[in-house]
Engineer: 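Have a look at this one before I ask anything.
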Amino acid sequence: MESNITLKIILLVVIVAFSLEAIAQTETTKEEKVKVLIHITHGPENPTRATLGFLVAKTAIEEGYSVTLFLAGDAVQLLRSDVLDNLVGLGTGNLRAHYDAILKGGGKFYLSGMSAKSRGLTEADLSDKTAEFAMPKVLLQLSMESDRMFVY
């Protein structure tokens with residue numbers, strides 16, 4: 001009888017220990033930010049879709065997520081100053097306001113180097129921006145490291 005009680009106590013201790021370990025792992029996971037990658041390929045030709053990508057990025061930052069944007073195709077033109085200052089999507093807001101909020105919240109911008117080159121976007125166009133040119137390899141790496149990915 002006494003060994004039966006001892007066995008139950010040991011079993012209870014083991015269950016509590018595993019439960020505490022599970023709780024500790026959950027706490028650690030909550031502290032790590034979820035990584036969100038937003039890949040935008042639409043540019044000024046589709047202002048609603050383009051600004052929607054920025055709006056989702058801004059919202060994700062406000063919700064506490066880590067956000068990276070990769071602009072490719074026509075989307076590289078979204079970081080031209082005149083486009084940033086004037087593009088407004090239907091129901092999706094002002095591009096400049098979203099861009100500023102994303103930067104303020106720690107969001108990172110990458111632009112496809114090949115897309116930029118073929119559209120005449122240069123380092124000079126980005127001199128006052130927080131963004132860098134990147135090759136497809138970077139997009140692939142970011143997508144593999146991200147917890148969630150959205151494409152616009």
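Quick note: residue numbers are just sequence positions, from 1.
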Engineer: If we only count heavy atoms from C-beta on, is the Tyr65 to Lys33 side-chain gap below 4.5 Å?
Structural biologist: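 No, side chains not in contact.
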Engineer: Which heavy-atom pair separates Ala57 from Ile102 by the least distance, and what is that distance?
Structural biologist: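 Shortest heavy-atom contact: CB-CD1, 3.7 Å.
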Engineer: Compare every heavy atom of Val67 with every heavy atom of Leu69, then report the nearest pair and how far apart it is.
Structural biologist: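 What the structure gives for the nearest pair is CD1-CG1, 3.9 Å.
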Engineer: Counting only N and O atoms by type, is there a donor-acceptor contact under 3.5 Å from the side chain of Ser115 to the main-chain atoms of Ala72?
Structural biologist: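 Not at all, since once roles are kept as given, no pair shorter than 3.5 Å links the two residues.
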Engineer: Do other residues, nucleotides or ligands put more than 12 heavy atoms under 6.0 Å from Lys108 NZ?
Structural biologist: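 No, NZ of Lys108 has 12 or fewer neighbouring heavy atoms, counting only those of other groups under 6.0 Å.
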Engineer: Could you state the interatomic distance from CG (Leu103) to CZ (Phe109), rounded to the nearest 0.5 Å?
Structural biologist: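 Those atoms lie 5.5 Å apart.
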Engineer: Would a 4.5 Å heavy-atom cut-off, applied to side chains only, mark Asp125 and Leu79 as touching?
Structural biologist: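 Of all side-chain heavy-atom pairs linking Leu79 with Asp125, none is under 4.5 Å.
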Engineer: What heavy-atom pair brings Pro44 and Val83 nearest, and what distance separates the two atoms?
Structural biologist: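 Taking every non-hydrogen atom into account, CG-CG1, 3.9 Å.
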Engineer: Test your reading of the model: is there a side-chain donor-acceptor pair from Glu63 to the backbone of Ile61, 3.5 Å cut-off?
Structural biologist: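 Not a single qualifying donor-acceptor pair exists.
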Engineer: If Ile, Leu, Val, Met, Phe, Trp and Tyr residues are connected whenever their side-chain heavy atoms lie under 4.5 Å apart, and connections chain through other members, are Val138 and Val36 in the same group?
Structural biologist: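 The answer is no; the residues belong to distinct hydrophobic clusters.
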Engineer: Is there side-chain contact between Asp74 and Thr41, with at least one heavy-atom pair below 4.5 Å?
Structural biologist: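 Side-chain contact under 4.5 Å: no.
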Engineer: Between the main-chain N or O of Asp82 and the side-chain N or O of Asp85, is there a donor-acceptor pair closer than 3.5 Å?
Structural biologist: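 Not a single qualifying donor-acceptor pair exists.
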Engineer: Enter the distance from Ser112:OG to Leu139:CG here, rounded to the nearest 0.5 Å.
Structural biologist: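 The OG atom of Ser112 sits 8.5 Å away from the CG atom of Leu139.
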Engineer: Can you give me the closest heavy-atom contact between Tyr152 and Val56, atom names plus distance?
Structural biologist: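 Smallest interatomic distance, heavy atoms only, reads OH-CG2, 3.1 Å.
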Engineer: Using 0.5 Å steps for rounding, measure from the CD atom of Glu32 to the CG atom of Asp147.
Structural biologist: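 Those atoms lie 9.0 Å apart.
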Engineer: Just verifying a value: how many Å separate Tyr99 OH and Lys129 NZ, rounded to the nearest 0.5 Å?
Structural biologist: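 If I round to the nearest 0.5 Å, the distance is 6.0 Å.
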Engineer: Could you tell me whether a side-chain N or O of Thr48 sits under 3.5 Å from a main-chain N or O of Leu90, the two making a donor and an acceptor?
Structural biologist: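 Checked: pair present.
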Engineer: Quick one: closest heavy-atom pair of Val88 and Asn94, and the distance?
Structural biologist: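 Smallest heavy-atom distance, with atoms named: CG2-ND2, 3.9 Å.
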Engineer: Quick check for you: to the nearest 0.5 Å, what is the distance between Arg96 atom CZ and Phe54 atom CZ?
Structural biologist: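 These two atoms lie 10.0 Å from each other.
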Engineer: What heavy-atom pair brings Glu123 and Phe133 nearest, and what distance separates the two atoms?
Structural biologist: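 Between these two residues, the closest heavy atoms are OE2-CD1, 3.3 Å.
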Engineer: Between CG of Leu78 and NE2 of His98, what distance do you get to the nearest 0.5 Å?
Structural biologist: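 It is 11.5 Å, given to the nearest 0.5 Å.
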